[in-house]
Chemist: 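Please find one structure pasted underneath; my questions will follow.
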Number of protein chains: 2
Amino acid sequence: MTEESATAEPGRTVELLWGAKESPGRTGLNLAGIVAAAIEVADAEGLPALSMRRVAERLGFTTMSLYRHVPGKAELIELMRDAVVGELDLSAPDHSDSGDVDWRTGMEAWARAHWTLHLRHPWLVHTAGSRRLPGPNIMADYERALQIAEGTGLRASEVVAVVSLVAGFVKTAAQQVHEVRHEERESGVSNAQWWRGQEELVERMGPYPALGRLWHAGAFDEPEDPFDFGLARTLDGVELLVARRHRAENRDEIRDVTAPQPHPGQCSVCGAEFAGPRRGRPRDYCSRACQQRAYRQRRSATSASAGAAASDSSAGNAL
Amino acid sequence: MTEESATAEPGRTVELLWGAKESPGRTGLNLAGIVAAAIEVADAEGLPALSMRRVAERLGFTTMSLYRHVPGKAELIELMRDAVVGELDLSAPDHSDSGDVDWRTGMEAWARAHWTLHLRHPWLVHTAGSRRLPGPNIMADYERALQIAEGTGLRASEVVAVVSLVAGFVKTAAQQVHEVRHEERESGVSNAQWWRGQEELVERMGPYPALGRLWHAGAFDEPEDPFDFGLARTLDGVELLVARRHRAENRDEIRDVTAPQPHPGQCSVCGAEFAGPRRGRPRDYCSRACQQRAYRQRRSATSASAGAAASDSSAGNAL
DNA sequence: CGAATAGGTTTATGCCGTACACGGCTGCGT
DNA sequence: ACGCAGCCGTGTACGGCATAAACCTATTCG
């Protein structure tokens, strides 16, 4: 998986990524052509099949000729990443209405755009996304995501974390789907067929009661769409945080002012709206059940993470 | 990166994973030793440094000797996966209290256990997790996760999706952290240092206003812990779904969750219209009798519906 | 006109996974 | 006791990989 990065001067690669002049009239090899050919190979045959040889052959040149234009394979992949991110449409920033409208629809659109990108270029999930030298397209895309996430009104560090979370989710979902697809292709057995074939196994060697129950309930016959399901949960989770923050803010304001108003509330656990008491302290939860849930949640949040988990930071990757 | 899997009979590998007898008295090479050595190499030097040669050297044998015990590298990695998952502690099933207590703390514990596993074995994120031939430890762990997720009371397909979501999140979070760590090691520059070095860049070539704002707000100096933050959001998202389901059930299935409805109601059992209370929670039933009918109905409806024809499906990976 | 330079090529090095043929050992049926 | 089969470790070899270094040739520029 390559893994090695630019051994030479970093200035060279930044020039490749950002300079991008490359007089277009030339006849022979050029950077754009190499990158395009590499993307074609990777799209068609996967990252492991991507080699300098294959790219050079496709272009009708010798292997080593590529090295006149690209420092090495790692940099080539970096260039490929930036190139495909350039396919994304960054338009529809916040065109109309109010300024910070609806971070959620924006975030969802961003996620879905990346999702289709991953479907088009399966090899993306196997690339590292180095913090070093993010190309211009990647930077623009990251900026876009941050702008959207800023609409949540969360703290700066949380905004960044939200973008990482959503980007990470998309990547994982793509990974999972491609895994299944890859195995289907390789074995010629569709996933459904495979699970059906496992029926005997599941039933016979069944010290797996839960798996058995779920299997019999059809969980694997009519599965949830992993992307839609996961994205909804993830954004719900973010939205809940946002709602809690807003509530906390508004609470202060309202309390300072003359309070008695029939407080319509929004449950800080399930988000449902409910009619609060007309006087007295406004309720936080729509039901005893949600109150209990919140308690458990609070309790579990106190447990420190066992792992060392270097506190050094970890801003890292968007795409 | 290998990518190829068992070209030979699949029966062989399943035997390796599950058979595991391997009379322990033998002096020479054995499967367990090979797997252990491979794990040591991968832990210490990363997956790309893992080669059959390196493993063999560490054991004092020739490269080809390994092939007497393992069909190939792909299978060796599969064995490594299963072996490290075996390190997990599957205890604390649902020891006490009521049956379905607190899926959330269970799920969080499961996630944290996997998190430390990924910190201990960074190469895990680069392995595929094939649906074929999951080893016994992986199966047991998956079963465990499903059991926990069943506590949500969600539908079968959703339970599976929840496990995939959480497992995927852990993997992604680990990936992001290892990426950063790897680059730090490689470049000798800590992440914080790097971002500080970017200050000029961000400011100078700043068509990145959001990035600039967040940077100045210290988002990258004191970032959120990506694991804790993401896990909380993810589980919040799931919990929201659970809460909504409970509310919907209690309220009797239909009816929009967000619409509290004006007071005059229509009995959801007999359909009769009736005048509801002028304030407080609107009633769902026109009479105590209908309420009771609904209860009985709900109780008998516990029987699961049989899954129809199998669609494409996409169950996939846990770990 | 001479020299520098950019672009493409050739050759070589050292990794990698693994196919294949071989040899020594051990145990079993005769 | 003998032969033979099977297991286990070995040696050699092949094709593929990234890439370092030297080389060859036009074009360009002083």
Side-chain angles (χ1 to χ4, degrees), chain A residues 1-9 12-13 15-16 19 21-34 37-38 41-42 45-80 126 128, chain B residues 1-9 12-13 15-16 19 21-34 37-38 41-42 45-80 123 126:
Chain A
M1 170 97 45
T2 314
E3 194 71 23
E4 299 307 323
S5 313
T7 51
E9 354 82 280
R12 171 70 192 283
T13 314
E15 188 183 331
L16 287 178
K21 283 295 165 38
E22 196 90 29
S23 53
R26 307 308 309 154
T27 66
L29 271 179
N30 60 42
L31 223 188
I34 292 175
V41 171
E45 315 184 41
L47 239 218
L50 177 70
S51 73
M52 300 304 264
R53 288 214 218 299
R54 303 272 298 103
V55 175
E57 280 171 14
R58 170 170 286 249
L59 293 168
F61 290 88
T62 61
T63 308
M64 292 309 292
S65 66
L66 304 183
Y67 287 90
R68 288 284 173 200
H69 302 264
V70 165
K73 191 182 181 181
E75 291 79 0
L76 176 55
I77 291 178
E78 199 88 354
L79 289 162
M80 291 166 64
H126 301 299
Chain B
M1 162 92 43
T2 314
E3 194 69 25
E4 301 305 325
S5 314
T7 53
E9 355 79 283
R12 169 71 192 284
T13 314
E15 189 184 330
L16 287 177
K21 285 291 161 43
E22 196 91 28
S23 54
R26 307 307 308 153
T27 64
L29 271 180
N30 60 41
L31 223 188
I34 293 176
V41 171
E45 315 184 42
L47 240 217
L50 176 70
S51 73
M52 300 303 266
R53 286 189 185 8
R54 300 274 297 106
V55 174
E57 280 172 14
R58 169 171 288 247
L59 293 168
F61 289 89
T62 60
T63 307
M64 293 310 292
S65 65
L66 304 182
Y67 286 89
R68 289 286 172 201
H69 304 262
V70 165
K73 191 181 181 181
E75 290 79 2
L76 175 56
I77 291 179
E78 198 88 352
L79 289 162
M80 291 165 64
W123 47 270
H126 301 301

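A note on names: the letters A, B, ... follow the listed sequences, proteins ahead of strands, and every chain is numbered from 1.
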Chemist: Rounding to an integer number of Å, can you tell me how far A/Glu57 CD sits from D/dG16 C1'?
Modeler: 11 Å
Chemist: Would you mind reading off the distance between B/Arg68 atom CZ and D/dG11 atom P, rounded to a whole angstrom?
Modeler: 14 Å
Chemist: Quick one: A/Glu45 CD to D/dG16 P, roughly how many Å, whole number?
Modeler: 14 Å
Chemist: When you compare the side chain of B/Arg68 with that of B/Leu29, does any pair of heavy atoms fall below 4.5 Å?
Modeler: no
Chemist: Atom OH of B/Tyr67 and atom C1' of C/dC16: how far apart are they, to the nearest Å?
Modeler: 9 Å
Chemist: For a quick test of reading the model: is some side-chain N or O of B/Thr62 closer than 4.0 Å to OP1 or OP2 of D/dT10?
Modeler: yes
Chemist: May I ask you to evaluate whether B/His69 reaches the phosphate of D/dC7, defined as a side-chain N or O under 4.0 Å from OP1 or OP2?
Modeler: no
Chemist: Give the nucleotide from the list D/dG9, D/dT12, C/dC16 with an atom nearest to the side chain of B/Met64.
Modeler: D/dT12
Chemist: Looking only at heavy atoms, what is the nearest atom pair of B/Val55 and B/Ala37, with distance?
Modeler: CG1-CB, 4.1 Å
Chemist: Kindly compute the distance separating CG (B/Leu79) from CD1 (B/Ile34), expressed to the nearest 0.5 Å.
Modeler: 9.5 Å
Chemist: Output all residues satisfying side chain to side chain contact (heavy atoms under 4.5 Å, CB included) with A/Ser51, sequence neighbours left out; order by chain, then residue number.
Modeler: A/Arg53, A/Arg54
Chemist: Select from A/Gly60 and B/Leu50 the residue whose nearest nucleotide in DNA chain C is closer to the 5' end of that strand.
Modeler: A/Gly60
Chemist: Quick one: CG on B/Leu50 to NE2 on B/His126, what's the gap to the nearest 0.5 Å?
Modeler: 12.0 Å
Chemist: Could you tell me how far apart B/Leu31 (CG) and D/dC8 (P) are, to the nearest whole angstrom?
Modeler: 11 Å
Chemist: Nearest to the side chain of A/Arg53 - C/dC16, C/dT9, D/dG16?
Modeler: D/dG16
Chemist: Could you please name the option among D/dT10, D/dA18, C/dT18 that lies closest to any side-chain atom of B/Phe61?
Modeler: D/dT10
Chemist: For D/dC17 and A/Ser51 - does any side-chain N or O of the residue sit under 4.0 Å from the phosphate oxygens OP1/OP2?
Modeler: yes
Chemist: Could you tell me how far apart B/Leu66 (CG) and C/dT18 (C1') are, to the nearest whole angstrom?
Modeler: 11 Å
Chemist: Just how far, in rounded Å, is C1' of D/dA18 from CD of A/Glu75?
Modeler: 12 Å
Chemist: Output the rounded distance in Å from CG (B/Asn30) to C1' (D/dG9).
Modeler: 14 Å
